[in-house]
Amino acid sequence: MAQRTKKVCTISYGCQMSERDAETLTAISAESGYRRTENPEEADLIIINTCCVRESAENKIIGKIGQLKKLKERNPYLKIAVAGCMVQQPGILKRLQRRASHIDIWTGTFDHHKFEELLHAANEGQKIALVSSDASDTAEVVPLAEKGKLKVNVNIMYGCDNYCAYCIVPYVRGSERSRPKDTILKEIRTLVLNGCQEVTLLGQNVNSYGKKDKFPYDFSDLLKEIDTIEGLSRIRFMTSHPKDLNDKLIATVAEGKHICEHFHFPFQAGSNRILHAMNRDYTREYYLERASRILKEVPEARITTDIIVGFPGETEEDFEMTLDLVRTVPFSQAYTFMFSKRSGTVAARLPEQVPLEIKKHRLQKLIELQNAKSLAWRQKMLNKYYEILVEGPSKTNLEQISGRTRGNEVVVVKGSEDLTDTLVNVKIVSANSWTLFGILD
Ligand code: SAH
Ligand code: SF4
């Protein structure tokens with residue numbers, strides 16, 4: 001009798017890097033014979049790839065893990081793996097295991113190369129946990145992405161050494177290490193042969209690519225070489241830490257052919273006192289100078305940012321400086337967060353924690369301001385023509401398709417699904433704070 005094909009359902013939380021890890025784990029499962037499904041109800045394996053950057057994400061994940069208990073009761077053959085940053089937090093594994101005895105595999109951020117073995121052991125009926133404490137004996141795993149995938153995230157570096165006072169990333173992703181240029185180029189060439197047209201180069205601080213590893217080339221050199229790969233339509237990159245954003249990178253983006261004019265350029269806080277307490281290593285004045293340099297050299301550039309409100313000790317005056325910065329720099333979009341206490345970080349131990357009500361109020365004010373700015377930005381695009389890479393049918397209306405501009409704005413257009421995976425020109429006819437609507441040129 002033919003055996004039924006097993007299915008894997010992956011649910012990922014957090015940043016692009018986390019998404020990339022989820023891809024890796026899913027691809028490893030595919031190599032072990034699992035086909036993808038979006039539906040947890042029909043899965044034989046569920047992978048929850050976790051995030052711990054903020055408490056809100058963690059709470060959501062804990063709720064999700066709890067819900068899966070019912071599925072496991074209904075299907076005792078189901079295997080559940082919980083992977084990633086949350087599991088990697090020092091001292092947390094035992095607590096998680098106690099709360100969720102229905103989980104078969106617990107694994108951290110440094111153990112992807114062992115996932116196939118873990119899966120095998122789970123299928124033999126074992127409950128296992130493997131959470132290595134550092135990256136030193138981590139083998140690089142880069143399974144080729146599924147054929148025909150239009151957009152792929154590519155790690156160019158791992159970890160972070162910046163230790164921003166609020167951030168847990170260095171504790172769960174280890175210290176900064178860059179992948180050699182040739183390995184990255186080889187990966188991207190293979191992706192392109194498999195149908196990929198857009199790559200996003202990922203690193204916590206792409207501008208310091210290769211510095212610590214003393215590579216004889218830097219991030220701009222890497223970008224220039226990727227830009228020559230035949231068949232690749234778009235190159236994105238994130239995140240640009242302001243302290244390392246140099247003129248060479250700005251010029252490289254200005255001169256690049258396929259390099260998208262988009263800088264994800266988090267400022268976090270507008271007051272120098274708070275920036276110093278955050279250990280960000282730049283000032284407000286320096287940030288403003290870099291942003292205006294970008295806009296001068298790359299007039300089409302989009303600048304997006306991350307902002308935290310309610311860092312310990314943040315006064316109304318400090319917060320006003322954040323609002324002022326948002327009024328000054330024409331951000332096309334901002335990701336805004338309330339400060340969240342992360343155990344083990346410097347900021348978690350600071351006195352003067354800001355009360356939740358104040359944090360909520362500040363966040364609300366900031367969102368209102370940025371929404372108005374985002375809308376104004378999008379309205380400036382009205383009646384102009386843009387190239388979009390069509391990603392598929394629009395989620396809300398099947399007669400429409402949706403894609404993104406080089407600046408990463410979402411554009412919805414009336415058109416046939418057959419245009420998926422192609423570059424088309426559109427004229428923008430209307431806009432709200434999040435989406436643009438266009439017509440095919
Ligand atoms: N490496 C990137 C950021 C990665 S984390 C950089 O340096 O810009 C993504 C975003 O989450 C951060 O930019 C920050 O705005 C937010 N963040 C990180 N830790 C946080 C915390 N403890 N509370 C609230 N927001 C946080
Ligand atoms: Fe976190 Fe700062 Fe590193 Fe970004 S640069 S990952 S915010 S420690």
For Leu45 against Ser29, the heavy-atom pair lying closest together: CD2-OG, 3.8 Å

Sidechain-backbone polar pair: Gln89 side chain, Met86 backbone, donor-acceptor under 3.5 Å: yes

Gap separating the CG atom of Asn49 from the OG1 atom of Thr10, nearest 0.5 angstrom: 8.0 Å

Ring-face cation contact, Phe337 with Arg54, 6.0 Å cut, 45° max: yes

Non-hydrogen side-chain atoms of His102 and Ile65 separated by less than 4.5 Å: yes

Test log, rule side chain to side chain contact (heavy atoms under 4.5 Å, CB included), inputs Ile274 and Thr322: CA-CA 10 Å; Ile274 296 296; Thr322 292; over 6 Å; no

Donor-acceptor pair, side chain of Ser178 and main chain of Gly210, under 3.5 angstrom: yes

Side-chain (Ser18) to main-chain (Tyr13) donor-acceptor, under 3.5 angstrom: yes

Side chain to side chain, Asp44 and Tyr77, heavy atoms closer than 4.5 Å: no

Side chain to side chain donor-acceptor pair (under 3.5 Å) involving Arg362 - partner list, sequence neighbours excluded: Glu314, Glu316

Any donor-acceptor N/O pair, Asp213 side chain to Arg177 backbone, under 3.5 Å: no

Thr336 and Gln370 side chains, donor-acceptor separation under 3.5 Å: no

Ion pair check, Arg95 and Glu58, cut-off under 4.0 Å: no

Shortest non-hydrogen contact from Ser332 toward Thr304: OG-CG2, 3.5 Å

Candidate pair Ile235 and Ile229, rule side chain to side chain contact (heavy atoms under 4.5 Å, CB included), full reasoning: CA-CA 10 Å; Ile235 305 161; Ile229 295 178; over 6 Å; no

Flag side-chain contact, heavy atom, 4.5 Å: Ile48 against Ile46: yes

Any Gln197 side-chain heavy atom under 4.5 Å of Leu150 side chain: yes

Sequence-distant partners of Tyr386, ring pair (Phe, Tyr, Trp, His ring centres under 6.0 Å), two or more places apart: none

Residues Glu23 and Lys149 bridged, charged N to O under 4.0 Å: yes

Heavy-atom neighbours of Gln379 CD exceed 12 at 6.0 Å: yes

Stepwise ring pair (Phe, Tyr, Trp, His ring centres under 6.0 Å) check, Phe265 with Tyr287: CA-CA 9 Å; Phe265 194 46; Tyr287 183 91; 4.6 Å; yes

Leu71 vs Ile80, side chain to side chain contact (heavy atoms under 4.5 Å, CB included): CA-CA, chis, key distance, verdict: CA-CA 10 Å; Leu71 277 188; Ile80 307 176; 5.9 Å; no

Polar side-chain atom of Asn279 near backbone of Ala165 as donor-acceptor pair, under 3.5 Å: no

Side chain Arg280, main chain Gln268, donor-acceptor under 3.5 Å: no

Test side chain to side chain contact (heavy atoms under 4.5 Å, CB included) applied to Asn408 and His264, step by step: CA-CA 10 Å; Asn408 214 22; His264 184 57; over 6 Å; no

Minimum-distance pair of heavy atoms, taken over all atoms of Glu116 and Ser32: CG-OG, 3.5 Å

Ionic contact status for Asp21 with Arg173, cut-off 4.0 Å: yes

Short side-chain donor-acceptor distance under 3.5 Å, Arg378 and Ser374: no

Lys6 side chain to Gly33 backbone, donor-acceptor under 3.5 Å: no

Any donor-acceptor pair under 3.5 Å from Arg284 side chain to Gly270 backbone: yes

Glu320 atom CD: more than 12 heavy-atom contacts under 6.0 Å: yes

Any residue meeting side chain to side chain donor-acceptor pair (under 3.5 Å) with Asp318, in chain and number order, not counting sequence neighbours: Ser271, Arg273, Thr315

Side-chain (Asn162) to main-chain (Cys164) donor-acceptor, under 3.5 angstrom: no

Thr345 side chain vs Lys341 backbone, donor-acceptor pair below 3.5 Å: no

Name of the residue among Arg302, Arg236, Arg406 meeting salt bridge (charged side-chain N to carboxylate O under 4.0 Å, His left out) with Glu261: Arg406

Arg99 CZ: over 12 foreign heavy atoms closer than 6.0 Å: no

Heavy atoms from other residues, nucleotides or ligands near NZ of Lys127 exceed 12 (cutoff 6.0 Å): yes

Intermediate values then yes/no, side chain to side chain donor-acceptor pair (under 3.5 Å), Glu176 and Ser208: CA-CA 9 Å; Glu176 183 183 295; Ser208 69; 3.1 Å; yes

Considering all heavy atoms, the nearest Thr109-Gly84 contact: CG2-C, 3.7 Å

is_close_aromatic(Phe237, Tyr209), centroid dist under 6.0 Å: no

Distance-minimising heavy-atom pair for Gly344 and Tyr171: O-OH, 3.6 Å

Flag if over 12 foreign heavy atoms under 6.0 Å of NZ, Lys212: yes

Glu42, CD: over 12 other non-hydrogen atoms inside 6.0 angstrom: yes

